[in-house]
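Here the structure is laid out as C-alpha cells; the discussion comes afterwards.
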Amino acid sequence: MNEDGVISPLSFFWNGEQFAVQKVLERRKAASLKGGGTGIRFKCEINQKTHFMWLDGYTWFVEVD
C-alpha cells in the first residue's frame with residue numbers, strides 16, 4: 001500500500017519460488033472467468049509476460065494458463 005492508500009501487488013510465491021511484479025499495467029474491478037472470483041483485477045508484467053492477479057477482500061489469487 002502506498003502513502004495514498006492504493007494497494008498494488010509487489011510479488012507472490014508459487015511452488016516455493018518468489019516472483020516479482022515488474023509493473024502494474026492496469027487496475028480495475030472485474031471477475032475472473034477462469035478462477036471464478038471477483039474483486040480488483042491487476043494486469044501485471046511478471047518475467048516479461050502479462051498475468052492477471054486479483055484481490056478479493058483480503059485474499060489474493062493469480063490466474064494461470
Side-chain angles (χ1 to χ4, degrees):
M1 181 181 300
N2 69 13
E3 297 108 20
D4 298 325
V6 177
I7 296 173
S8 294
L10 300 175
S11 66
F12 65 95
F13 286 91
W14 182 266
N15 290 333
E17 186 175 349
Q18 184 175 9
F19 294 89
V21 174
Q22 280 83 38
K23 189 175 187 180
V24 176
L25 304 170
E26 179 182 79
R27 179 184 194 273
R28 67 183 182 96
K29 289 187 177 186
S32 170
L33 299 177
K34 292 181 182 180
T38 61
I40 302 171
R41 183 183 82 173
F42 298 87
K43 182 178 180 181
C44 301
E45 182 179 307
I46 303 165
N47 291 340
Q48 290 77 43
K49 294 183 181 179
T50 301
H51 296 278
F52 293 103
M53 298 178 73
W54 273 264
L55 176 58
D56 183 4
Y58 296 104
T59 304
W60 285 92
F61 63 98
V62 179
E63 188 175 86
V64 295
D65 296 329

Open item on the list: Just so I know, are the side chains of Trp54 and Glu63 near enough to count as touching, which here means a heavy-atom distance under 4.5 Å?
Closed with: yes

Task: Residues which pass side chain to side chain donor-acceptor pair (under 3.5 Å) with Thr59, listed by chain and number, not counting sequence neighbours - done: none

Task: Taking every non-hydrogen atom, the tightest pair across Phe42 and Ser8 - done: CE2-CA, 4.0 Å

- [ ] For the residue pair Met53 and Phe61, establish whether any side-chain heavy-atom pair is separated by less than 4.5 Å.
- [x] no

Which atom pairs, donor and acceptor, lie under 3.5 Å between side-chain atoms of residues 19-27 and protein residues at least two apart or in another chain?
from  : atom 1 : to    : atom 2 : distance (Å)
Gln22 : OE1    : Asn47 : N      : 2.7
Gln22 : NE2    : Ala20 : O      : 3.4
Glu26 : OE1    : Arg41 : NH2    : 2.8
Arg27 : NE     : Ile7  : O      : 3.4

Task: Gap between atom NE2 of His51 and atom CD of Glu45 - 0.5 Å precision - done: 9.5 Å

TODO: Report the C-alpha distance between Thr50 and Lys43 in whole Å, list the side-chain angles of each, state the deciding distance to 0.1 Å, and finish with yes or no for side-chain contact (heavy atoms from CB on, under 4.5 Å).
DONE: CA-CA 7 Å; Thr50 301; Lys43 182 178 180 181; 3.6 Å; yes

TODO: Say whether Leu55 and Met1 are linked into one hydrophobic cluster, either directly or through other cluster members, by side-chain heavy-atom distances under 4.5 angstrom.
DONE: yes

Open item on the list: I want to check something: taking the side chain as every heavy atom from C-beta on, are Val62 and Phe12 in contact at a cut-off of under 4.5 Å?
Closed with: yes

